[in-house]
Amino acid sequence: MPSSHSWIVCETAGRWAAALRLAVARWQCAGADCVVLPRIHEVRSLADLEMGIKASSNAVGFVEVSNDNLALILEIFAKNARRNSRCVALLDSESSWQANSETPQPVNRESVADVLMEAGALCVVNSPRQIGSAIAIVTQYCTVRAAMAAPDGDESIAERAWASVPWQDA
Amino acid sequence: MPRSPQIADSLTKLLDQSSRPIYVVDAGRRIVYCNPALAAWVNLQPKRIVGRRVEFHSEEPKNEEATHGDLAPLTDLCPPPHALAGEAGQGTISCQALGGRMLHRAAEFLPLGRATKRQKQSDNVVAQEFGVLVMLAPEDLSPQEIAAEVSVEPKADELHSTIRRFRRGQGQRYSIKSLLGSSPAMQKVRTQIEAAAVGGANTLIVGRRGSGRSHIARAIHYYGNNDDAARLLPIDCEVLTDELLARTLDKLRPSRAGGDARQSLVLENLECLPATHQSLLLAAIRQNALSARVIATLDLQKTNNAESEAERTEGETKNTAGESAETRKNAPTKLDPALVDVVSTITIRVPQLADRLEDLPILAQFFLEACNRGNNKQIGSLRSETLDSLALYSWPGELDQLRDVIEAAHTACATHAIASTDLPPMFFHAFRAAAQTRRPPERIVLDELLAAIEKEAIVRALAQTGGNKSEAATLLGMTRPRLYRRLEQLGLLVDDSERVAPSEAPEFIENDAAE
């Protein structure tokens, strides 16, 4: 039975959420196994994102990362990952992730993506056009979490057998 | 014209007497001189500074004692790349003082040497062919001065600082000290972590979900990265895609120049790794195609269950033609013993919480204090009776479950100490039940149980269809003749000459008007 999940997109403009909605619609039309039915919400601040994630155990965050909020996002990701609650990082293509080719370890988009993964990001998406690649990972993550949340039966064999007989209200 | 030793000595004396920290880095990025003022600022003896390499990255500089005699590069004192490339300028040099506080000073960078004709002609100027004399300000920068230096456009060093601060924080968060517990089992775990971190061997961490396997994996990585930029690349095998695996293996390909930084590939939930991915990973490890040590976490119980299920499924699908790709994808996979062998040079078994109850008080207190952080409600402790109650529980969800229980109790508590009544109801009933005498093992008579359940299902199906046997047969997934036979066998068939058995089963007329 499909389970409902809340996907919360935190960004300034709205382009990532639009791309995500389109990608989800295409993915479902393609006949993908709809075990997860995402409801996509948009927020404009990290505080709202954190509130949304805290409010629902089925929520997954999609966070637009830029130069200004990288430090804060790393901390949020690390904190949420310790609580088994993970987010997808959306790397803002309009930010100048400066590359300095003279350094032994240049800081550029790739190294920012690496450190986001290290902080606990579920995956990193480099462009709204590539957000489809994240859907498979996120839905699998949601499926696993839903399975983990199912309570362990403490019933006897007979109780479980009786409970499994259909048409309970007949 | 070579300088006389006297002039060199006089120059050294002058620099030594300066109150401003001064040091010189040669073209090979080694510190060839530092004055006492610098040694005092970084709190290291000059002999521990001169001869060290400097590197420009964000990694946590390690205590040299932790490197077992190996002098790690000094990341704090590296001049910026433009200075090493021959460009004079100014900037900031930062270092970590005792107690972890960061100190910052304005610095001037003076390249030493002259560009060769080749360097002038070539577009690809080889970096680090200049030495640099670095002279720091006499005083540390104030917080206001540091803030004023931040410009709108991020510079590469600003990103370095962000990443460096983050990794420093991670290093503290995942330090060995963060693994609480004085039980013998946890002491052993901490010793094994140190051995794994120092040795750099592939490590397998075995334990139940929620027991802290991921935390231990990170503790190994952050403890051991004492040289170059050390990345931690985590992979959650439960959500791994082909693309993600390929990208990660590509990132970890050893560079031709060699000297790759110590990196860690953390494979979480190894038992969930699909068979195809297992083969790819095993091949990469065997061919030395990874410039990283592997740290894997594994739930042994789930692995054993998957192996039994896989054997059962294998037997069933051998008889099934046209097995779909979807079936193959969802079938439980056995873990390749060869893969387990290569990742388990060191195996760390994480003790179950129920097996180290002596650690329960400190763990509960830790989670309680975490709840207090940023919260208006401040609760000091758990009552002794509450700890006794917690100790009765089996903790199938391990530390994660303990954290959730303490959080719920923190919310419910209205006093300054958590009582048993503040614990979540589900937990409360569970531990009370656990405290009762165990029921004897369940015994059933299978044939009777199956017959009773079948009878109930048929009765309900007929009620659902208003007595229509054709529709009931469809609901039950059987033919109508078969349903009739079962009705007869179960004593539910009533005709003009037969009475129904005196049971709860309702009467059904054999000839339905609807048929």
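Since the model is a prediction, treat every value here as computed from it, not as a measurement. Lettering follows sequence order; numbering is per chain, from 1.
- Contact count against chain B (heavy-atom pairs under 4.5 Å) is highest for A:Ala119 among A:Ala119, A:Ala136, A:Cys123, A:Gly120.
- In this structure, chain A has a heavy atom under 4.5 Å from the side chain of B:Glu407, while its backbone stays farther away.
- Under the 3.5 Å distance criterion, the side-chain polar atoms of A:Glu11 are matched with a main-chain donor or acceptor of A:Trp16.
- Within a 6.0 Å radius of CZ in A:Arg44, more than 12 heavy atoms belonging to other residues, nucleotides or ligands are found.
- B:Tyr174 and B:His215 have perpendicular rings, their planes meeting at more than 60° on a 0 to 90° scale where under 30° would count as parallel.
- There is no contact between B:Leu450 and chain A, counting heavy-atom distances below 4.5 Å.
- The minimum heavy-atom distance linking B:Ala83 with B:Phe130 is given by the pair O-CB, 4.4 Å.
- Looking at B:Gln170, the atoms closer than 4.5 Å to chain A (heavy atoms on both sides) all sit in the side chain, from C-beta outward.
- Looking at B:Leu233, the atoms closer than 4.5 Å to chain A (heavy atoms on both sides) all sit in the side chain, from C-beta outward.
- Considering only heavy-atom pairs separated by less than 4.5 Å from chain A, the leading option among B:Arg173, B:Arg218, B:Glu243 is B:Arg173.
- The backbone N or O of A:Thr12 sits less than 3.5 Å from a side-chain atom of A:Glu64, completing a donor-acceptor pair.
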